[in-house]
Amino acid sequence: MASDDVWILGIEMTKFGKHPDKDTIDLASEAALGALKDGGVTIKDMGVLAAGNLMAASAGIGQQLQKQIGQTGIPVFNVANACATGATALRVAIMAIKAGECDMGLAVGVEKLAGAGLLAGGSRGADKDEWTPSGRYGAVASIDGRIGTDTMPGVFAQVGMGYLHRYGDIANPFELFAKISEKNHMHSTLNPKAAYTKKMTLEEIMNDVMIAYPNTRPMCSANCDGAAAAVVVSGAKLKTLSKEQQRRAVKVSASILTSDPWQEACQVLPDVNTLTRAGAKQAYEQAGVGF
Amino acid sequence: MAEQIPLVEYLVLGDDPHLVANECTNCGARYFDRRNACASCGATEFTTTDVPTEGELKSFTIVAFAAPGVPVPFVAGVVDCGGTSVRGNVVNTPPDPDHVKLGMKVRLTTFPIGTDTKGTEAIGFGFEPLEGAISGK
């Protein structure tokens, strides 16, 4: 192993699901303590903490976690990056090691989303007494529902339908997208920690409640509570640890972060395809596997 | 006639309602919001340009579940108006997959949103099918 590699030494995730009796820090602690134990190390061995959380992004989740599992004075990065929050927290810990600031770090991602509904759009408040333009569009009233939709199922339904229109309209887009969901629900039966571990047939999926055509309820993300954590270590430090720790460690071949480059239409409907493709390409290149 | 105000500033009312965009004078990129700079080329000069009122529906969804206060179902979509993509609802046609199709030709239409306490009527816009729209305008 090269000394400048970064490795995952220990890892843990909680069961994803509804955890009304556990707060955000309960979940983060469970994952963090589990990852430390899995790696055979303690919080005192950590040189950096990256704590990913979106819903309580301004609440200092990293420091709150330290107060429960160990206040050691290390640098704490509270990380918020939409759906890439957890992966970005991991990337922050990796970058700290690559920068030579420490040789071991802890990355945690945690969220409580059970009951969070559609995630975007908010509720439409009452219109004001007098129409007054405000905001960058000079809108006199709420736009959500009047000009397109801000709901996540609606936005991603349009992304999928736009993709179909561009690459080949088919007679039954609903069935095509439902088959992806059928495959995903089948995979969930292999992971006891997944929020739902139930096989669903194509008919069950297509006959379930429609949220935003063609997305029915089982085709949408299951909002739930959960946390995961990983201990990362430099290759040089790993060589000094036990044979068992070295044997179990998993090398990080690539950690990539992208954002969406400008395309026509991208500010009307997010282009989630280009940045994903770019991320994959850069990851393959960094890992030396190319395609 | 009561005074009218557009739902958004990029909707121009009058005899010939249409949308306008801020077009970057350097690269031609178009935007519907107030700009600080061009997100494509970085230039900072824009000109107001008319967007064609007819286009092709290049994506849509039929929203059945929305935030409290938002009436459903409605069709949210993206219309390609002569090369400029526009976000809008598809209106004046039943909101179901039998009546809304990818590639459908549509045109801009306007309608009242509501009246405020001063009697000013807010006007919104949507896109209706070029053929077989339910209510003429």
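A note on names: the letters A, B, ... follow the listed sequences, proteins ahead of strands, and every chain is numbered from 1. A quick note: this is a predicted structure, and the numbers were derived from the prediction, not measured.
- Highest contact tally toward chain A, considering only Val63(B), Asn89(B), Val72(B), Val78(B), is held by Asn89(B) [criterion: heavy-atom pairs under 4.5 Å].
- Of all heavy-atom pairs spanning Ala29(B) and Trp262(A), the tightest one is CB-CZ2, 3.5 Å.
- Interface check for chain A: of the options Gly114(B), Gly126(B), Gly124(B), the most heavy-atom pairs under 4.5 Å are formed by Gly114(B).
- Of the two parts of Pro95(B), neither the backbone nor the side chain holds a non-hydrogen atom closer than 4.5 Å to a non-hydrogen atom of chain A.
- In this model, no donor atom of one side chain and acceptor atom of the other lie less than 3.5 Å apart for Asn184(A) and His187(A).
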Next on the checklist: Determine whether Glu128(B) and Arg107(B) satisfy the following criterion, salt bridge (charged side-chain N to carboxylate O under 4.0 Å, His left out), listing intermediate values before the conclusion.
Outcome noted: CA-CA 6 Å; Glu128(B) 64 182 1; Arg107(B) 69 168 165 235; 2.9 Å; yes
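- With chain A as the partner, the residue from Pro6(B), Gly88(B), Ser59(B), Pro71(B) showing the most heavy-atom pairs under 4.5 Å is Ser59(B).
- Both the backbone and the side chain of Leu7(B) come within contact range of chain A, with heavy atoms under 4.5 Å apart.
- Neither the backbone nor the side chain of Asn22(B) comes within contact range of chain A; no heavy atom of the residue lies under 4.5 Å from a heavy atom of that chain.
- Highest contact tally toward chain A, considering only Ala64(B), Ala76(B), Ser40(B), is held by Ser40(B) [criterion: heavy-atom pairs under 4.5 Å].
- Of all heavy-atom pairs spanning Gly42(B) and Ala37(B), the tightest one is O-CB, 4.0 Å.
- Using the six-membered ring where Trp is involved, Phe60(B) and Tyr213(A) have ring planes that are parallel, under 30° apart on the 30 and 60° scheme.
- Taking Pro73(B), Gly77(B), Cys41(B) one by one and counting their heavy-atom pairs under 4.5 Å with chain A, the maximum is reached by Gly77(B).
- For the options Arg87(B), Arg35(B), Lys58(B), Lys118(B), heavy-atom pairs under 4.5 Å to chain A are most numerous at Arg87(B).
- Interface residue Glu130(A): backbone and side-chain heavy atoms are both found under 4.5 Å from chain B.
- Using a 30° and 60° split on the angle between ring planes, Phe125(B) and Phe127(B) fall in the perpendicular class, above 60°.
- The candidate from Asn215(A), Val268(A), Val159(A) with the greatest count of non-hydrogen atom pairs under 4.5 Å with chain B is Val268(A).
- Contact detail for Gln267(A) and Tyr31(B): the closest heavy-atom pair is OE1-CD2, 3.7 Å.
- Judged by the 6.0 Å and 45° rule, Arg166(A) forms no cation-pi pair with Tyr163(A).
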Next on the checklist: Under the criterion side chain to side chain contact (heavy atoms under 4.5 Å, CB included), I'd like the reasoning laid out for Met206(A) against Thr216(A): C-alpha separation, chi angles, the key distance, then a yes or no.
Outcome noted: CA-CA 7 Å; Met206(A) 291 177 77; Thr216(A) 60; 5.6 Å; no
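- With a 4.5 angstrom heavy-atom cutoff, Ile147(A) touches chain B via backbone and side-chain atoms both.
- Heavy atoms closer than 4.5 Å to chain B are found nowhere in Val155(A), neither backbone nor side chain.
- With a threshold of 4.5 angstrom between heavy atoms, Leu57(B) approaches chain A through N, CA, C or O but not through any side-chain atom.
- Neither the backbone nor the side chain of Val90(B) comes within contact range of chain A; no heavy atoms are under 4.5 Å apart.
- For NZ of Lys193(A), the number of neighbouring non-hydrogen atoms (other residues, nucleotides, ligands) closer than 6.0 Å is greater than 12.
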